[in-house]
Amino acid sequence: MPLPLPRTARAVILATGAALLARRALRRRIDASPLWPLPALEEPVSGQPRSRALRLRVARHERVADGVVQLRLEGGHLDGLPAWDPGAHLDLVLPSGLVRQYSLCGDPEDTSSYTVATRLIGADEGGRGGSREVHEALREGVEVEVRGPRNRFPLVDDAGAYVFVAGGIGITPVLAMVRAVDAAGADWRLLYCGRSRASMPFLEELEKLGGPGGRVTVVAEDEAGRPDVGGFLGAGAAGAVYVCGPEGLMGAVAGALPEGCALHLERFAPTTAAGGESAFEVELRRSGRTVTVGADTTVLAAVRAELPDTPYSCEQGFCGTCRHRVLEGEIDHRDELLTDGERGDSMLICVSRARGTRLVLDA
């Protein structure tokens, strides 16, 4: 029969066990509330999204046009990478921490890799370093974190006829769409515009897909000036019109859209500026603070002045990094990301604002 433990030994064991349980409980509490020791809400969603991320390797980095590189990303996943449909994009978390979105332009049937392409955008064009980092840092062999795929630009199945208009690197989501409708035997046409033929990726493949029937119209501005968007749209059957490119091209298509056509857009930039007509207050419920958002600033800037660690990246309403839950107040949504369902209680604070005088955020 084992001898009973001395009283002091039993006390030490009990104290050690209690301390271990307390540490585990504390860890669970901290995990549940990123701003510990402030109280956690039932489903905190503020800050950086917790979507599934993949670590992929750059298997190929190649120049496919002047100023345009294409990346083939592989992961060695035995069960294949998550599936995607034409129009989908990836979020790339670059080595610097920047998050940028790039449309998938490969083959959806290839589950071993993803393919994206990006044009180098200089500071004089409004570039903020993301495309340069892709061109210079994501060399073959480098690993990169990838989120997605996600699709905010889906290809409808029953359009009857398809009209595609792409400007420059806006061809990337359109390329997969053209391949899909061509393989299905659907009626389609493409207007592809660019500064020069040398700057237009995938041009040879697209012209081959178009064949001799004139389904692909190429307009290089250094040769033919600006395209006749109205003439192109009015030259064929009505149907679904897909446009991706600069804002001027988007506006031209929208203004010349024939009756009976359904317009689908993929934008490079937000449709409206982040500023507003008046100031408003934002209560940060968890941190117990209230900030004022001026007419000439953003909610993100005002919040980061109080909470410098608030995550963000694109500052254009695309990536979702700055998404916050809204507890009270009416939202003026200006992003290009959230679904109708998500807009009910969430906002991207880099671009969206209050419709009234006050918002309450889960922050």
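Note that these values count all heavy atoms, side chains included, but never hydrogens, waters or copies made by symmetry.
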Please list all pairs passing the salt bridge (Lys or Arg N to Asp or Glu O under 4.0 Å) test where one or both residues lie in residues 92-118, with sequence neighbours left out.
Arg72-Asp110
Quick one: does Ser346's side chain have a donor or acceptor within less than 3.5 Å of a partner on Arg343's backbone?
no
Side-chain touch Phe280/Val299, heavy atoms, less than 4.5 angstrom:
yes
So, taking the atom named CE in Met200 and the one named SG in Cys193, what distance separates them when rounded to the nearest 0.5 Å?
7.0 Å
Leu138 side, atom CG; Glu143 side, atom CD - distance, nearest 0.5 Å:
11.5 Å
Donor-acceptor under 3.5 Å (Arg179 side chain, Gly106 main chain)
yes
Report the C-alpha separation of Met177 and Tyr162 in whole Å, then their side-chain angles, then the decisive distance to 0.1 Å, and conclude whether the side chain to side chain contact (heavy atoms under 4.5 Å, CB included) test is met.
CA-CA 10 Å; Met177 293 181 175; Tyr162 297 86; over 6 Å; no
Is the number of heavy atoms from other residues, nucleotides or ligands within 6.0 Å of CZ (Arg132) greater than 12?
no
Do the side chain of His61 and the main chain of Ala137 share a donor and acceptor less than 3.5 angstrom apart?
no
Start with the C-alpha distance between Arg57 and Glu74, add both sets of side-chain angles, then the distance that settles salt bridge (Lys or Arg N to Asp or Glu O under 4.0 Å), and finish with yes or no.
CA-CA 5 Å; Arg57 178 180 59 85; Glu74 297 180 349; 3.4 Å; yes
With rounding to the nearest 0.5 angstrom, report the CZ to CG distance, Arg286 to Leu307.
11.0 Å
Side chain to side chain donor-acceptor pair (under 3.5 Å) between Glu133 and Ser96, intermediate numbers included
CA-CA 8 Å; Glu133 190 170 357; Ser96 67; 2.7 Å; yes
Give the minimum heavy-atom separation between Arg147 and Ala53, together with the two atoms involved.
CG-CB, 4.2 Å
Do Tyr192 and Leu203 come close enough that some side-chain heavy atom pair is under 4.5 Å?
yes
Any donor-acceptor pair under 3.5 Å from Thr172 side chain to Ile169 backbone:
yes
Is it the case that over 12 heavy atoms from other parts of the model lie below 6.0 angstrom from the CZ atom of Arg55?
yes
Is Leu98 reachable from Ile121 through a run of I, L, V, M, F, W or Y residues, each pair having side-chain heavy atoms under 4.5 Å apart?
no
Give a yes or no on whether the backbone of Arg334 and the side-chain of Ser352 come within a donor-acceptor separation of less than 3.5 Å.
yes
Please name the residue in the list Val174, Val181, Val163 that meets the side chain to side chain contact (heavy atoms under 4.5 Å, CB included) test with Leu190.
Val174
Salt-bridge test for Arg289 and Glu306: reply yes if a basic N is under 4.0 Å from a carboxylate O, no otherwise.
yes
Phe202 atom CZ, over 12 foreign heavy atoms within 6.0 Å
yes
As a quick check of understanding, evaluate side chain to side chain contact (heavy atoms under 4.5 Å, CB included) for Leu90 and Gln101, giving each step before the final call.
CA-CA 6 Å; Leu90 297 176; Gln101 293 68 47; over 6 Å; no
Identified side chain to side chain contact (heavy atoms under 4.5 Å, CB included) partner of Leu71 from the options Val134, Val144, Thr115, Val142:
Val134
Where is the tightest heavy-atom contact between Pro173 and Cys244, given as atom of each residue plus distance?
CG-SG, 3.8 Å
Any heavy-atom pair between the side chains of Pro201 and Ile171 that's under 4.5 Å?
yes
Residue pair Arg152 / Thr339, side-chain heavy-atom distance below 4.5 Å
yes
Donor-acceptor check, side chain of His135 to backbone of Leu120, threshold 3.5 angstrom: yes or no?
yes
Do the non-hydrogen side-chain atoms of Leu104 and His89 ever get within less than 4.5 Å of each other?
no
Of all residues at least two apart in sequence or in a different chain, which pass the side-chain contact (heavy atoms from CB on, under 4.5 Å) check with Glu328?
Arg285, Arg358, Val360
Quick check: does any side chain N or O of Ser199 sit under 3.5 Å from a backbone N or O of Ser196, one acting as donor and the other as acceptor?
yes
Do Pro82 and Pro149 touch side chain to side chain, with heavy atoms closer than 4.5 Å?
yes
Under 4.0 Å between a Lys/Arg side-chain N and an Asp/Glu carboxylate O for Glu342 and Arg323?
yes
Under 3.5 Å, sequence neighbours excluded: what are the donor-acceptor pairs made by side chains of residues 63-70?
from	atom 1	to	atom 2	distance (Å)
Arg63	NH2	Asp66	OD1	2.2
Gln70	NE2	Glu62	OE2	3.2

Which side-chain N or O atoms in residues 213-241 pair as donor and acceptor under 3.5 Å with protein atoms at least two apart or in another chain?
from	atom 1	to	atom 2	distance (Å)
Arg215	NH2	Asp182	OD1	3.0
Arg215	NH2	Leu209	O	3.0
Asp228	OD1	Gly231	N	3.0

Is Val165 close to Leu191 at the side-chain level, that is, under 4.5 Å between some pair of heavy atoms?
yes
Distance col, row Thr321:OG1 vs Tyr312:OH, nearest 0.5 angstrom, shows 11.0 Å
Has the side chain of Asp187 got a donor or acceptor atom that lies under 3.5 Å from a matching backbone atom of Gly160?
no
Spatial distance of atom OG1 (Thr292) from atom CD (Glu281) [nearest 0.5 Å]
5.0 Å
If you look at every heavy atom in Ala302 and Val291, which pair is closest and at what distance?
O-CG1, 3.9 Å
Rounded to the nearest 0.5 angstrom, the CD1-CG distance for Ile349 and Asp335 is 12.5 Å
Taking the six-membered ring for Trp, are Phe153 and Tyr242 closer than 6.0 Å centroid to centroid?
yes
Worked check of side chain to side chain contact (heavy atoms under 4.5 Å, CB included) between Leu263 and Val253
CA-CA 9 Å; Leu263 183 61; Val253 173; 3.9 Å; yes
Given Met347 and Leu359, is the side chain to side chain contact (heavy atoms under 4.5 Å, CB included) satisfied, shown in steps?
CA-CA 11 Å; Met347 68 183 290; Leu359 287 174; 3.7 Å; yes
Could you pull out all residues at least two apart from Thr111 that satisfy side-chain hydrogen bond (donor to acceptor under 3.5 Å, both in side chains)?
none
Would you say that Val178 contacts Trp188 through its side chain, given a criterion of any heavy-atom pair below 4.5 Å between the two side chains?
yes
Applying side-chain hydrogen bond (donor to acceptor under 3.5 Å, both in side chains) to Arg197 and not counting sequence neighbours gives Glu207
